[in-house]
Each structure stands twice: as C-alpha cells, then as structure tokens.
Asker: 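Have a look at this one.
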Amino acid sequence: MAILNKSKDTKKLRVLFVDSLNNLSSQIAEYFAKKMYSNLYEVYSAGPEHDIIDCDMLSVMYRRGDDLRNMRSKDFQNTTYLPEDAQYDIIVWTEKDLFNELSSQSPWAGKQILADMGKRSEFTCTDDAELAQCITEMAERIEAWVKENMATQEKLLSLVSA
C-alpha cells in the first residue's frame, strides 16, 4: 500500500524485510533502509516467529555507531509495531531457505524479493572477536545492498522475483 509523501508528491512504498525470527538480518536491513531512504519507503521488519533481538548484533552495531537498541522482534501478526492492515508493496526475504519455504504461500505474491543476506547459523566463528567480525561483515553487506538497491523505487521494483 503506497503512502503519499506530501513533501515531494512521491508515493512511499511500504517494505517489509523478513527473516525467520526477526532478530538479525531483517532488523539491520530495516535500520539502514529507514536511515538512508525514509523519504522513499515506509519500512518494517518481521518474521514468521519472533525472538529477542540478537544482543551480539546490538553491541557490534552500537560500536559501529549504529544504535538499534530500540528495535523489537515482531512476528507477522504483530499490530503494535506493524501496520494493522498488513499490506506491503514489497516483501524482501533476507534468508534463502525461508524464501524457498514460505514465499509461495505468502499473501504477498507478486511483490517479493529474495536478498539472501545470510543468517547466524552460517557463521563459522570460534570466539567473540570472530563473531563480531562476522556480524560486521553481514552489516556491511546489508548496508551496501540497501544503498545500491533502494536508492530509487524503480531499482527496488526491478528486483521483484516472485
């Protein structure tokens, strides 16, 4: 559901970033999209289930200068932090396995993008320093994806694959 941005007569696209627990990649993507392109998009994140936000991610991001401490993990039914009408122009799935499992059953057919940004279970780190590096690298990938693919609504819409 596009929202009219009265300042520039540009309709904001409503975007939902999705990961399995809404605790890592979708949160980072939501943060960067809001930070960079709040004039173009109304941005949310959620997952089929919710958990707590990844505390290691919060710490790493804060040390980078990005404060995500006010973020909340949300499932698809959350009406406190998500639009009550649950209508989105674009769904960006940040985990390939989840996209493969749920995209064909989702109510958002025809408006979906797979942007596999990885998940914590794929990290190969063995200590806290390596974990911080893995999260930093994920954040950098997500920030670059958002910067490149959301700079214009046309670019984002060109990525719709399902």
Asker: Shared ILVMFWY cluster between V60 and L21, side chains joined below 4.5 angstrom?
Answerer: no

Asker: Any chance you could measure Y44, atom OH, to N78, atom CG, to the nearest 0.5 Å?
Answerer: 11.0 Å

Asker: Identify the two heavy atoms, one from E148 and one from K155, that lie closest to each other, and give their separation to 0.1 Å.
Answerer: O-CG, 3.8 Å

Asker: What heavy-atom pair brings Y37 and V146 nearest, and what distance separates the two atoms?
Answerer: CE1-O, 3.4 Å

Asker: For S25, does its backbone N or O pair with a side-chain atom of D19 as donor and acceptor, under 3.5 Å?
Answerer: yes

Asker: Indicate if M36 and V15 have the same hydrophobic cluster label, given that clusters are the connected sets of ILVMFWY residues with side-chain heavy-atom separations under 4.5 angstrom.
Answerer: yes

Asker: Quick one: are M71 and E30 in side-chain contact, heavy atoms under 4.5 Å?
Answerer: yes

Asker: Would you confirm whether N22, through its side chain, and K74, through its main-chain N or O, come within 3.5 Å as a donor-acceptor pair?
Answerer: yes

Asker: Does the pair D85/R14 count as a salt bridge with the N-to-O cut at 4.0 Å?
Answerer: yes

Asker: Any salt bridge between D89 and K111, counting N to O under 4.0 Å?
Answerer: no

Asker: Main chain of T126, side chain of E130: is a donor-acceptor contact present, judged purely on distance under 3.5 Å?
Answerer: yes

Asker: How long is the straight-line distance from CG of L114 back to CD1 of I91, given to the nearest 0.5 Å?
Answerer: 13.5 Å

Asker: If you compare all heavy atoms of N23 against all heavy atoms of I52, which two are closest, and at what distance to 0.1 Å?
Answerer: CB-O, 3.2 Å

Asker: Could you state the interatomic distance from CG (L102) to CD (Q112), rounded to the nearest 0.5 Å?
Answerer: 9.5 Å

Asker: Of all the heavy-atom pairs spanning S20 and L98, show the shortest one and how long it is.
Answerer: N-CD2, 3.4 Å

Asker: In terms of side-chain geometry, is the basic nitrogen of K147 or E143 positioned less than 4.0 Å from the acidic oxygen of its partner?
Answerer: no

Asker: What heavy-atom pair brings D75 and P48 nearest, and what distance separates the two atoms?
Answerer: CB-O, 3.9 Å

Asker: With no hydrogens and no angle check, is any side-chain donor or acceptor of E122 less than 3.5 Å from a backbone partner on K119?
Answerer: yes

Asker: Keeping D97 on the side-chain end and N100 on the backbone end, is there a donor-acceptor pair under 3.5 Å?
Answerer: no

Asker: Between E95 and S26 (side chain of the first, backbone of the second, donor and acceptor by atom type, cut-off under 3.5 Å), is there such a pair?
Answerer: no

Asker: To the nearest 0.5 Å, tell me how far L13 CG sits from M150 CE.
Answerer: 8.5 Å

Asker: Within a 6.0 Å radius of atom CD on E137, are there more than 12 heavy atoms belonging to other residues, nucleotides or ligands?
Answerer: yes

Asker: So does E101 get a backbone contact from the side chain of Q105, meaning a donor-acceptor N/O pair under 3.5 Å?
Answerer: yes

Asker: Is there side-chain contact between L156 and I113, with heavy atoms separated by less than 4.5 Å?
Answerer: yes

Asker: Rounded to the nearest 0.5 Å, what separates atom CD1 in I90 from atom CG in L159?
Answerer: 8.0 Å

Asker: Quick check for you: to the nearest 0.5 Å, what is the distance between L24 atom CG and I53 atom CD1?
Answerer: 9.0 Å

Asker: Grab the two heavy atoms, one from S38 and one from K12, that are nearest each other, plus how far apart they are.
Answerer: O-NZ, 2.8 Å

Asker: Would you say Y81's side chain and S73's backbone share a donor-acceptor pair under 3.5 angstrom?
Answerer: no

Asker: Is it true that T79 and E84 share a donor-acceptor pair across their side chains at a distance under 3.5 Å?
Answerer: no

Asker: Under 4.5 Å between side-chain heavy atoms, counting indirect links through other Ile/Leu/Val/Met/Phe/Trp/Tyr residues: same cluster for L157 and Y41 or not?
Answerer: yes

Asker: Measure from the side-chain N and O atoms of Q153 to the backbone N and O of L40, and report whether any donor-acceptor pair falls under 3.5 Å.
Answerer: yes

Asker: Could you list the residues that satisfy side-chain contact (heavy atoms from CB on, under 4.5 Å) with D66, not counting sequence neighbours?
Answerer: Y31, F32, K35, M61, R64, L68

